[in-house]
Amino acid sequence: MFRQALLALALLPFSFAQISEDFEGGWDEAAWPIYATDCNQGGKVALDSTTAHSGTNSIRVDGAGGFCGHIFFGTTSVPSGDVYVRTYLKASKALTDSHVSFITMPDSAQGTNKHLRIGGQSKILMYNRESDDATLPDLSPNGIAASKALPTGDWQCFEYHVGADGTIETWLNDEAIEGLTLKSGVNNANGAQWQRSGVSPKITGVYFGWESYGGDTNTFWYDDVAISSTRVGC
């Protein structure tokens, strides 16, 4: 079972740290605080003992519509170089054509109060860079086809890698998503918009929740979260 752990911080460089949490001991709000920049109107985060990927507990996020309906929970305990994140998540509603985020990451490489975001638009999973609103993949017919929809009503293993060199890798239930992959030696014909910037992410936190840039609402559950400098896997 997962327990929250900062592994060997006293013995290893921080870049090797791993944190993991299954919430079976409850929700430690000091370690996993609420995050809602600028405003917070209507969103809720709570420990839920009615559904879980493992054990009996998960974290439930009820996201309201509009930007100020956003709410997240998460941690700043992230590696200083390559960041790998694995979470099991469950969505109550399918992604729509509207732009939303269910993971947000403060990214100092973009500037103050700017984020690297993971969510959806055009009914598929995508990345969004706040500073220039670029998307990965391009939201063309080919780009949309290169990503995947997020299934609803059951637990999904979602995993991604953000590299200090600009690498992005993404897996859904252990299957790589072609349109959400950018790395040396791999051509992504649907990543032109993203690659117009030479900015490489510098992530300072990882937060799970909901942010809607229109009127979409949703409920997400998160469980068995792991953050590491190497891939964790499902």
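Keep in mind it's a predicted model, so treat the numbers as computed, not measured.
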Side-chain donor-acceptor pair present, S92, N218, cut-off under 3.5 Å: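 A pair is found: one side chain offers a donor N or O, the other an acceptor, under 3.5 Å apart.
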Assess the side chains of S200 and D165: does a donor N or O sit below 3.5 Å from an acceptor N or O? no
Is [X] reaching over with its side chain to a backbone N or O of [Y], donor-acceptor style, under 3.5 angstrom?
X	Y	result
S197	V199	yes
Q41	G69	no
N188	G179	yes
T75	S77	yes
D138	S140	no
H53	D22	no
D107	K202	yes

Can you classify the ring geometry of [X] versus [Y] as parallel (below 30°), tilted (30 to 60°) or perpendicular (above 60°)?
X	Y	value
F73	Y222	perpendicular
F23	W32	perpendicular
W194	Y127	perpendicular

How about F158 and F102: are their ring centroids closer than 6.0 Å? yes
Could you tell me whether Y207 and F72 have their ring centroids closer than 6.0 angstrom?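 Ring-ring flag for Y207/F72: false, centres at least 6.0 Å apart.
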State plainly whether the residues [X] and [Y] are in salt-bridge range, i.e. N to O under 4.0 Å.
X	Y	value
K123	D97	yes
K148	E175	yes
K93	D62	no

Nearest 0.5 Å, please: how far is CD in E130 from CD in Q110?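 If we round to the nearest 0.5 Å, Q110:CD and E130:CD are 7.0 Å apart.
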Within a strict 4.5 Å, meaning less than it, do heavy atoms of the T37 and H70 side chains meet?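 The answer is yes; the side chains approach within 4.5 Å.
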Check T56 against E24 and note the closest heavy-atom contact, atom names and distance.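 Here T56 and E24 meet closest at N-OE1, 2.9 Å.
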Is NZ or CZ of R86 both nearer than 6.0 Å to the six-membered ring centre of W171 and within 45° of the ring axis? no
My understanding is that only one of T51, D154, T219 makes a side chain to side chain donor-acceptor pair (under 3.5 Å) with K90; could you say which?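 It is T51; the other options fail the test.
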